[in-house]
Undergrad: 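Before I ask anything, here is the structure I am working with.
Whatever order the structure lists ligands and atoms in, that order sets their numbers, starting from 1.
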Amino acid sequence: MIVTFPDITPDLKAAMPELRGRLLANQRLSELTWFRVGGPAQVLFTPADEDDLAYFLKRLPQELQVYVVGVGSNLIVRDGGMPGVVIRLAPRAFGETSAAGDVVTAGAAALDKRVAETAAAADIGGMEFFFGIPGTVGGALRMNAGANGGETKDVLIEATGIGRDGTKHTFGNADMKFVYRNSGVDPSIVFTSARFRGRITDADAIRARMNEVQTHRETAQPIREKTGGSTFKNPPGNSAWKLIDAAGCRGLKVGGAQVSEMHCNFLINTGNATGHDIETLGETVRERVKQASGIELHWEIKRIGKS
Ligand SMILES: Cc1cc2nc3c(=O)[nH]c(=O)nc-3n(C[C@H](O)[C@H](O)[C@H](O)COP(=O)(O)OP(=O)(O)OC[C@H]3O[C@@H](n4cnc5c(N)ncnc54)[C@H](O)[C@@H]3O)c2cc1C
């Protein structure tokens, strides 16, 4: 299925003469996500910096839908693509990380792994869990990303972001309204940076912990596949993978999508899956788990765009 949206970039450029970032029409989102599926973005905007992002959002017609992506490690893009604007923060403008005392500052496009490395280089412990999460700081703020006993909410001091009207906001830890794998901050906020606090720790202990995190990943998760990580949230007091396994779904296939044999809360694009295959497989798993256990699984992965 080939989807093409009307090109509105000339109108946007005309309405925003001072825009410095890049506006591209009909850009394939499959290239920007781990699953490698889905249709295009009507417009893909890469802001030059925070002021450029604010200028863009302020002047963007209200009726246009806006969605921000990180590195797409938690996204299924549907095959009909994303009407409106998709924003992607480039590492060159939003990817800086630095450490001072027990605080790490990071741009929203910095990889979580880089945050862990920056912390480790400054003897700051408590951020080793970031080492194994393949997303960006922006994605971690939105998802309250966590692993190996730590999560974003444990270390966040504050985050900054730009609202749909171009206004800059600062959110303290409590303002982020973090819950398990989510934040309650208005979904229209585009996070641009964050500050995290750890604790000064012995460098060898930090490195050992990061190695542990990495080894656990390599042995327990299909991290080299086209996947989106954990598909469903763990129900309270239970594990999604155990329920999926008990419902007989390990290895289940729909088209080119398959439930991972290695970790059955991971779905995989085996090569030629569509967004529809992956979402249908996920829904099939949900139904089977419901039938087998009476428990309803909830998606952790975000599904975006038109079917
Ligand atoms: C192999 C693998 C292993 C994984 N393991 C883990 C794990 O252990 N723990 C875990 O928590 N997750 C895990 N994930 C899921 C994923 O890495 C996290 O959810 C990550 O935080 C997503 O970051 P991202 O930059 O890829 O965001 P995306 O997938 O691009 O987007 C996810 C959400 O974040 C929002 N978002 C992204 N950037 C911004 C921004 N700048 N401002 C506002 N919102 C933004 C998007 O709009 C979307 O709602 C794994 C994924 C894979 C593929």
Undergrad: Measuring from atom CG of D245 to atom CG of L243, what distance do you get when rounded to the nearest 0.5 angstrom?
TA: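 It comes to 9.5 Å.
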Undergrad: Are R286 and E283 within salt-bridge range, i.e. N to O under 4.0 Å?
TA: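 Salt bridge between R286 and E283, a charged N being under 4.0 Å from a carboxylate O: yes.
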Undergrad: Ion pair present between R303 and E279, side-chain N to carboxylate O less than 4.0 angstrom?
TA: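 Looking at R303 and E279, the cut-off is met.
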Undergrad: Closer than 4.0 Å to some heavy atom of V71 - which atoms of ligand 1 meet that?
TA: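 Within the 4.0 Å cut-off of V71, ligand 1 contributes 24 (P), 25 (O), 26 (O), 30 (O).
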Undergrad: What distance do Q42 atom CD and L12 atom CG have between them, rounded to the nearest 0.5 Å?
TA: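 So the gap between those two atoms works out to 8.5 Å.
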Undergrad: Tell me, which protein residue and heavy-atom name are nearest atom 25 (O) of ligand 1, and how many Å apart are they?
TA: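 The answer is T136 OG1, 2.7 Å.
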Undergrad: So, does I189 sit close enough to ligand 1 that a heavy atom of it is under 4.0 Å from the ligand?
TA: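 True for this residue.
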Undergrad: Considering only the protein, which heavy-atom contact is closest to atom 20 (C) of ligand 1, and what is its distance?
TA: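 Checked against all protein heavy atoms, atom 20 (C) of ligand 1 sits closest to S73 OG, 3.8 Å.
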Undergrad: Looking at every heavy atom in both I278 and W299, which two are closest together, and how far apart are they?
TA: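 In terms of heavy atoms, the two residues are closest at O-CH2, 4.4 Å.
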Undergrad: Just let me know how W34 lines up against ligand 1, side chain, backbone, both or neither, with a heavy-atom cut-off below 4.0 Å.
TA: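 It is the side chain that touches ligand 1; the backbone stays farther off.
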Undergrad: Where the closest heavy atom to atom 23 (O) of ligand 1 is concerned, which of G161, G135, P187 has it?
TA: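 The residue whose heavy atom sits nearest atom 23 (O) of ligand 1 is G135.
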Undergrad: Would you call E287 and K290 a salt bridge, taking side-chain N to carboxylate O under 4.0 Å as the test?
TA: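 Salt bridge absent between E287 and K290.
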Undergrad: Can you tell me how far the OG atom of S73 sits from the CG atom of L111, to the nearest 0.5 Å?
TA: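 Between atom OG of S73 and atom CG of L111 there are 9.0 Å.
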Undergrad: What atoms in ligand 1 come closer than 4.0 Å to a heavy atom of V190?
TA: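 Per the distance check, 42 (N).
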Undergrad: Does the side-chain contact (heavy atoms from CB on, under 4.5 Å) test come out yes or no for E96 and T105, once each step is laid out?
TA: CA-CA 8 Å; E96 284 288 304; T105 302; over 6 Å; no
Undergrad: Could you name the option among G72, G139, S260 that has the heavy atom nearest to atom 28 (P) of ligand 1?
TA: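 Residue with the shortest heavy-atom distance to the ligand atom: G72.
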Undergrad: Assess whether side-chain contact (heavy atoms from CB on, under 4.5 Å) is satisfied between F35 and I301, documenting all intermediate values.
TA: CA-CA 11 Å; F35 269 124; I301 290 181; 3.9 Å; yes
Undergrad: For A147, take its heavy atoms, then give the atoms of ligand 1 lying under 4.0 Å from any of them.
TA: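 Every atom of ligand 1 under 4.0 Å from some heavy atom of A147: 8 (O).
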Undergrad: So which heavy atom in the protein is nearest atom 48 (C) of ligand 1, and how far is it from that ligand atom?
TA: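 Answer for atom 48 (C) of ligand 1: Y67 OH, 3.2 Å.
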Undergrad: Answer with yes or no whether R217 contacts ligand 1, where contact means a heavy atom under 4.0 Å from a ligand atom.
TA: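 Right, R217 reaches ligand 1.
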Undergrad: In ligand 1, which numbered atoms sit nearer than 4.0 Å to a non-hydrogen atom of M143?
TA: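 Those qualifying, in numeric order: 19 (O), 33 (C).
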Undergrad: Salt bridge check: are E128 and R207 linked by an N-O gap of less than 4.0 Å?
TA: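 Salt bridge: no.
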Undergrad: For atom 32 (C) of ligand 1, which protein heavy atom lies nearest, and how many Å away is it?
TA: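 Minimum-distance protein heavy atom for atom 32 (C) of ligand 1 reads N74 CB, 4.0 Å.
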Undergrad: Answer with side chain, backbone, both or neither: which part of L89 has a heavy atom less than 4.0 angstrom from an atom of ligand 1?
TA: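 Within the 4.0 Å criterion, L89 contacts ligand 1 through side-chain atoms alone.
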Undergrad: Evaluate the side-chain contact (heavy atoms from CB on, under 4.5 Å) criterion for residues S239 and N234: first the C-alpha distance (whole Å), next the side-chain angles of each, then the deciding distance (0.1 Å), finally the verdict.
TA: CA-CA 5 Å; S239 298; N234 287 322; 4.3 Å; yes
Undergrad: Relative to atom 7 (C) of ligand 1, which among G229, G228, G146, S230 owns the nearest non-hydrogen atom?
TA: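 Residue with the shortest heavy-atom distance to the ligand atom: G146.
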Undergrad: Using a strict 4.0 Å cut-off to heavy atoms of A145, name the atoms of ligand 1 that fall inside it.
TA: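 Checking each atom against A145, I get 11 (O), 21 (O).
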Undergrad: Strictly below 4.0 Å, N to O, side chains only: are D49 and R20 in salt-bridge contact?
TA: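 Salt bridge flag = yes for R20 with D49.
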Undergrad: May I ask you to list the atoms of ligand 1 that are less than 4.0 angstrom from any heavy atom of A140?
TA: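 Reading through ligand 1 atom by atom, the close ones are 21 (O).
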Undergrad: Ligand 1 versus I133, non-hydrogen atoms closer than 4.0 Å: side chain, backbone, both, neither?
TA: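 Answer for I133: side chain.
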Undergrad: Inspect the contact between D102 and R199 and indicate whether a charged nitrogen and a carboxylate oxygen are less than 4.0 angstrom apart.
TA: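 No salt bridge links R199 with D102.
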Undergrad: Counting non-hydrogen protein atoms only, what is the nearest one to atom 44 (N) of ligand 1? Give residue, atom name and distance.
TA: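 Nearest protein contact, heavy atoms only, for atom 44 (N) of ligand 1 is V68 CG1, 3.4 Å.
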Undergrad: How many angstroms lie between CZ in R88 and OG1 in T46, if you round to the nearest 0.5 Å?
TA: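 Reported to 0.5 Å precision, the distance equals 7.5 Å.
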Undergrad: Please list, in number order, the atoms of ligand 1 under 4.0 Å from a heavy atom of K302.
TA: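 Near K302, meaning under 4.0 Å from one of its heavy atoms, ligand 1 has 49 (O).
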Undergrad: Is ligand 1 less than 4.0 angstrom away from at least one heavy atom of R181?
TA: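 Per 4.0 Å heavy-atom rule, R181 contacts ligand 1.
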Undergrad: Would you mind checking which non-hydrogen protein atom is closest to atom 2 (C) of ligand 1, with the distance to 0.1 Å?
TA: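 So the nearest neighbour among protein heavy atoms is P134 CG, 3.5 Å.
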Undergrad: For atom 30 (O) of ligand 1, find the nearest protein heavy atom and state the residue, atom name and distance (0.1 Å precision).
TA: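 Here the nearest protein heavy atom works out to G70 N, 2.7 Å.
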Undergrad: In the protein, which heavy atom is nearest to atom 42 (N) of ligand 1, and how far is it?
TA: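 Of every protein heavy atom, F191 N, 2.9 Å lies nearest to atom 42 (N) of ligand 1.
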Undergrad: Of all the heavy atoms in G132, does at least one lie under 4.0 Å from an atom in ligand 1?
TA: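 In this structure, G132 fails to qualify as a contact of ligand 1 - no heavy atom is under 4.0 Å.
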Undergrad: Go through ligand 1 atom by atom and flag the ones less than 4.0 Å from a non-hydrogen atom of Q221.
TA: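 Matching atoms, with element in brackets: 3 (C).
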Undergrad: Do K168 and E50 sit within salt-bridge range, that is, some charged N less than 4.0 Å from a carboxylate O?
TA: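 Salt bridge: yes.
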